[in-house]
Amino acid sequence: MSSERYPFADIEKKWQERWARDGIYTSTVDASRPEFYCLEMFPYPSGRLHMGHVRNYSLGDVVARFFRMNGYNVLHPMGWDAFGLPAENAAIKRGIHPADWTNDNIAYMREQLKRLGVSYDWNREIATCSPDYYRWTQWLFLLFYKRGLAYKASSRVNWCPGCQTVLANEQVVDGECWRCHSQVQQKELEQWFLKITAYADRLLADLEKLPAWPERVKVMQQNWIGKSEGAEISFPVEGMDEKITVFTTRPDTLFGVTYMVLAPEHPLVEKLVAGRPEATRCREIAARSAPVTERERALQEKVGAPTGRYAVNPVNGERIPIWVANYVLMEYGTGAVMGVPAHDQRDFEFARQYGLPVRVVIRPEGLSSTPDPGQMEAAYEGPGIMVNSGSFDGLYSEDGKKHVVAWLEAHGVGRPQVQYRLRDWLISRQRYWGVPIPLVYCDRCGIVPVPEDDLPVLLPRDVDFRPGGPSPLARHQGFVSTTCPACGGPARRETDTMDTFVDSSWYFMRFASPHADRAPFEQDEVNYWLPVDQYIGGIEHAVMHLLYSRFFTKVLHDAGLVDFDEPFKALFTQGMVTLGGSAMSKSRGNIVDPDEIMDRYGADTARLFILFASPPERDLEWSERGVEGAYRFLNRVWRLAREFAEEYPNPDGARIVPERLSRRERDLRRKVHWTIKKVTDDIKERFSLNTAISAIMELVNDIYDFRQPGGNHAPTVSNGDGGARGGNSTGDGVAVLREAIESLVLLLAPFAPHITEELWQMLGKGASVHLQPWPSYDAEAAKAEEITVVIQVNGKVRDRVTVPQDIDEDALKEIALGRDKARAFIGQKAVRQVFVVPGKLVNIVTDA
RNA sequence: GCCGGAGUGGCGGAAUGGCAGACGCUGGAGACUUAAAAUCUUCUGCCAGAAAUGGCGUGCGGGUUCGAGUCCCGCCUCCGGCACCA
């Protein structure tokens with residue numbers, strides 16, 4: 001055996017050019033074949049690929065190539081999420097125009113992807129910053145606008161001082177900007193929103209339609225949407241023609257209300273306190289809460305003050321003091337709550353702090369008497385029997401909820417209500433490098449949408465990037481001043497651009513018809529390819545991108561533009577690539593550069609290592625030694641196949657006649673077919689690419705054993721002792737070896753596309769290995785002749801015995817009981833029972 | 001606090017309730033070589049033993065079972081999501 005190293009650089013370059021020339025990965029609609037849409041999350045063109053990209057795209061490529069070889073018409077496209085802040089920051093810092101910076105990065109990263117050998121249909125490449133694309137993003141925005149799903153409103157929004165723009169709720173993580181980690185501030189601003197809350201219920205309910213999504217992603221979306229069911233209840237304000245409406249999940253505790261609380265910024269506060277001595281203190285609380293984010297507020301001490309006003313409990317006419325307190329959020333529910341200290345921990349703490357009364361109205365189950373409020377150390381939030389609740393006394397609280405709501409509804413003072421934590425999606429950004437919102441402000445006509453025929457509203461190139469002040473677009477007179485599409489009079493353009501997540505909320509549809517110029521996509525094409533059959537990407541998009549995309553898909557579905565209402569049938573979230581235990585990042589300085597790895601070992605090695613080192617959903621620790629192992633393996637495959645091809649250059653050799661094969665030949669053949677089944681199942685059923693690769697490695701090890709003349713290492717599935725006949729000089733042996741090596745190359749092709757292509761050609765086979773049918777599994781050949789059965793005594797393994805595969809239970813039992821080792825452990829004890837698991841083991845159970 | 005996931009050799013990791021540690025890395029020994037590298041062969045969970053072999057072993061404590069890494073109950077630790085959401 002030689003120690004030759006294979007020339008990966010030449011091979012990889014050669015085949016990449018050949019594939020591109022022959023267009024073997026281009027796809028078109030073909031109704032005669034099943035389709036498969038395999039998609040990986042497209043990257044932001046930040047400069048160069050990182051290992052996370054390599055992992056993501058290697059995973060996707062295995063899936064795409066596997067389904068292609070299995071006869072599917074595969075769509076596997078790639079593009080660029082090309083709008084975003086880093087481009088603009090580069091412009092500010094280094095004076096490079098964002099468009100140039102972005103296009104340079106795309107050009108470089110495209111070459112890197114090609115170098116990795118990913119089987120994309122490059123004819124479908126898209127970039128969200130291209131006018132051909134963002135024209136349709138604008139068109140979709142107008143569709144939302146016309147359907148009442150895009151609106152402008154003034155509200156308290158998250159402002160990132162670092163990025164100098166507002167952010168969506170989803171983009172604030174632990175009170176910080178998800179991109180630059182600045183402390184986010186609160187500002188009252190007029191902004192554009194998309195009405196995702198109108199779809200909250202469907203976004204939640206339809207998670208059930210996604211069995212092939214990871215549980216944790218669905219749970220994250222569930223948490224984010226945050227549905228809670230309860231009631232809205234109105235309390236009239238004493239002596240005023242006003243009422244306070246609260247949302248509660250506990251209408252069963254309505255008799256336990258001992259105070260009301262308004263959020264400090266609640267519009268009613270001013271009316272209640274105007275001209276009263278309590279006004280000063282209430283306004284103080286409001287002023288202190290105003291600039292603070294919700295998160296910081298959660299950490300603050302509870303502070304409140306009475307307004308001096310009273311409300312009336314509609315259920316029993318009781319007078320209840322109205323307070324203002326910082327623990328009530330204006331953004332959730334109605335901005336007002338009823339205080340039930342006995343059955344809500346927050347209310348309990350607040351009541352204790354300010355000496356408000358506590359009244360128990362739920363008796364915990366199993367308790368014979370009602371707890372004494374003075375003795376309570378915490379609120380009782382569980383269910384129980386209603387007490388001190390008038391005609392509702394004695395009801396179980398869960399049933400009581402319905403009865404109380406029915407009573408309220410009958411008296412016109414309440415109704416059932418569902419609340420969501422989800423807020424509408426704020427999409428305005430005060431930045432340049434994004435899609436202009438296609439609207440015009442006219443003093444006469446108000447807000448006027450730009451007519452579809454005038455799209456796209458082009459982003460001007462000549463803008464002023466100096467930081468500070470209004471956004472570059474707002475400073476660009478040529479952009480701002482326009483004429484009103486309705487009346488022709490002078491008008492101003494909207495200068496906000498859209499959140500880049502709008503761009504990525506529909507790109508997977510554009511791939512179906514990337515060149516369509518009369519619509520965002522052709523309907524027949526989008527309905528042929530979509531939904532995406534397998535979507536692959538990072539967990540960091542569990543809420544943002546994946547929720548927004550689901551929302552877009554549902555709106556487009558309702559508008560009759562697409563047939564499907566969920567975009568991604570199956571989702572796979574890959575783990576991070578780490579070095580030294582933490583994510584690779586520039587600031588940590590623990591980067592491994594994909595280019596460097598490809599220079600040293602080639603793309604196939606890089607791909608193979610990253611797929612082998614860890615199960616795809618788990619984090620992967622980078623290991624230089626591991627990379628070398630992958631490289632060593634590919635060299636082993638190379639030498640094996642090349643030497644065989646040299647020895648037996650003519651591929652039309654003897655056919656395999658199973659009855660004529662020697663024991664060794666049958667054993668190898670069994671391993672080949674076992675491997676085919678294992679690799680197929682691992683890819684298709686389990687996404688277990690690391691074990692698929694290990695199975696291929698086992699096959700290679702066994703082929704090496706087979707070739708070794710004196711070798712007596714039987715293939716591991718055979719359980720046999722190999723047999724005396726060495727070598728493979730017979731025609732049968734060559735045929736078996738050929739089958740093994742050809743199968744090996746085919747099975748390895750999705751993982752290591754270049755080396756397998758070269759070997760396939762070397763073996764004298766015809767067209768591209770990637771266009772070959774996936775090897776089929778022969779159950780007959782895979783069947784074991786002999787099996788090793790474990791013999792246990794009282795559950796402990798004491799012996800092993802090799803028996804014919806089809807031995808019957810009784811015979812096996814006899815053999816087991818007759819074994820010397822088994823008898824030694826049985827000793828004088830009586831055999832009570834013998835368990836036989838066919839093909840696996842015998843367990844002899846004795847008396848103690 | 002609520003929800004989700006994970007915990008297995010020196011390391012990455014494998015195991016439809018049925019041989020724990022496949023495969024790879026690391027390390028040891030040998031072959032080839034003037035030598036080294038590469039390659040090939042072989043061993044490599046822990047303890048005892050010269051060996052045969054025996055005992056122990058999947059975060060901890062219980063349980064179900066002929067048999068548990070796997071199922072059930074109760075904990076611990078780590079990772080992630082949500083959290084003053086009424």
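Everything quoted here is computed from the prediction, not taken from an experiment. Letters A, B, ... mirror the listed sequences (proteins, then strands); counts begin at 1.
Atom CZ of A/Arg423 is separated from atom P of B/C82 by 13 Å (rounded to the nearest Å). Following rounding to the nearest Å, A/Asn169 (CG) and B/C82 (C1') show an atom-to-atom distance of 13 Å. Protein atom CD of A/Glu381 is 14 Å distant from nucleotide atom P of B/C84, rounded to whole Å. Distance A/Lys218 NZ to B/C82 P: 19 Å, rounded to the nearest Å. Atom-to-atom, CD of A/Glu698 to C1' of B/A14 comes out at 10 Å; the value is rounded to the nearest Å. Atom-to-atom, NE2 of A/His266 to C1' of B/A86 comes out at 13 Å; the value is rounded to the nearest Å. Atoms CD1 (A/Ile693) and P (B/G12) sit 18 Å apart, rounded to a whole Å. A/Leu689 has its CG atom 19 Å from the P atom of B/C23, to the nearest Å.
Here A/Gly629 lies in heavy-atom contact (under 4.0 Å) with sugar-phosphate atoms only. Using a 4.0 Å heavy-atom criterion, one finds that A/Pro615 contacts the sugar-phosphate atoms exclusively. If you check every strand for non-hydrogen atoms under 4.0 Å, A/Val797 touches sugar and phosphate atoms only.
OP1 and OP2 of B/C23 both lie 4.0 Å or more from every side-chain N or O belonging to A/Thr691. Contact between the side-chain N/O atoms of A/Asn701 and the OP1/OP2 oxygens of B/G24 is found at a separation under 4.0 Å. The side chain of A/Arg798 places no N or O atom within less than 4.0 Å of a non-bridging phosphate oxygen (OP1 or OP2) of B/C19. Look at A/Arg250 and you won't find any side-chain N or O under 4.0 angstrom from OP1 or OP2 of B/C85. The phosphate of B/C56 (OP1 or OP2) has a side-chain N or O of A/Lys796 nearer than 4.0 angstrom. Close to B/A86, at under 4.0 Å from its OP1 or OP2, lies no side-chain N or O of A/Thr248. Taking only side-chain nitrogens and oxygens, A/Arg421 never comes nearer than 4.0 Å to OP1 or OP2 of B/A86. When the side-chain nitrogen and oxygen atoms of A/Arg800 are compared with OP1 and OP2 of B/C19, none of them lie within a distance under 4.0 Å. Taking 4.0 angstrom as the limit, A/Asn690 places a side-chain polar atom (N or O) nearer than this to OP1 or OP2 of B/A14. Between A/Arg632 and the phosphate of B/U26, there is a side-chain N or O to OP1/OP2 separation shorter than 4.0 Å.
By the 30° and 60° cut-offs, the orientation of the rings of A/His673 relative to A/Tyr777 is tilted. Relative orientation of the A/Tyr631 and A/Tyr6 rings is tilted, given thresholds of 30° and 60° on the angle between their planes.
With A/Glu617 contributing its side chain and A/Thr573 its backbone, the two residues share no donor-acceptor pair below 3.5 Å.
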Identify each atom pair where a protein N or O and an N or O of nucleotides 68-74 of chain B are less than 3.5 Å apart, giving names and distance.
none

Identify each atom pair where a protein N or O and an N or O of nucleotides 63-66 of chain B are less than 3.5 Å apart, giving names and distance.
unit_1 : atom_1 : unit_2   : atom_2 : d
B/C66  : O2'    : A/Asn843 : ND2    : 3.3
B/C66  : O2     : A/Asn843 : ND2    : 2.6

Just the table, please: protein N/O against nucleotides 1-8 of chain B N/O, every pair under 3.5 Å.
none

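Across all strands shown, B/C19 remains unpaired; no Watson-Crick or G-U wobble contact has both distances below 3.5 Å.
Shown here are the salt bridge (Lys or Arg N to Asp or Glu O under 4.0 Å) partners of A/Arg686, two or more places apart in sequence or in another chain: A/Asp682. When the side-chain hydrogen bond (donor to acceptor under 3.5 Å, both in side chains) test is applied to A/Gln417, the partners found at least two apart in sequence or on another chain are A/Arg415. Evaluation of the salt bridge (Lys or Arg N to Asp or Glu O under 4.0 Å) rule for A/Arg55 yields no partner, not counting sequence neighbours.
For the C1' atoms, the distance from B/U16 to B/U53 is 33 Å, rounded to whole Å. Nucleotides B/U64 and B/C82 place their C1' atoms 35 Å apart, quoted to the nearest Å. Only the P atoms considered, B/G1 is 34 Å distant from B/U65, to the nearest whole Å. Between B/G62 and B/C56, the distance separating the two P atoms is 16 Å to the nearest Å.
The two atoms that bring A/Leu167 and A/Leu426 nearest to each other are O-CD1, 3.9 Å, heavy atoms only.
Note on A/Lys671 versus A/Glu698: salt bridge recorded, some NZ/NE/NH1/NH2 to OD/OE distance being below 4.0 Å.
Annotation: of the two residues near RNA chain B, A/Leu841 and A/Ala630, the 5′-most nearest-nucleotide partner is A/Leu841. Where A/Phe612 and A/Arg636 meet RNA chain B, the nucleotide closest to each residue was compared, and A/Phe612 sits on the side nearer the 5' end.
Residues A/Tyr354 and A/Tyr259 place their aromatic rings such that the two centres sit no closer than 6.0 Å.
Considering only the side chain of A/Arg639, B/C40 comes nearest among B/G24, B/G81, B/C40. Checking B/C84, B/U26, B/G81 against every side-chain atom of A/Tyr327, the shortest atom distance belongs to B/C84. Side chain of A/Asp705, nearest nucleotide from B/U41, B/U39, B/C23: B/U41.
Around CZ of A/Arg823, the count of heavy atoms belonging to other residues, nucleotides or ligands within 6.0 Å does not exceed 12.
One donor-acceptor pair, N or O on each side, does fall under 3.5 Å between the base of B/U16 and the side chain of A/Lys840.
Screening A/Leu579, A/Thr578, A/Ile610, A/Leu611 for a side-chain contact (heavy atoms from CB on, under 4.5 Å) involving A/Leu620 leaves a single residue, A/Ile610.
Because its glycosidic torsion is within 90° of 0, B/G9 is reported here as syn.
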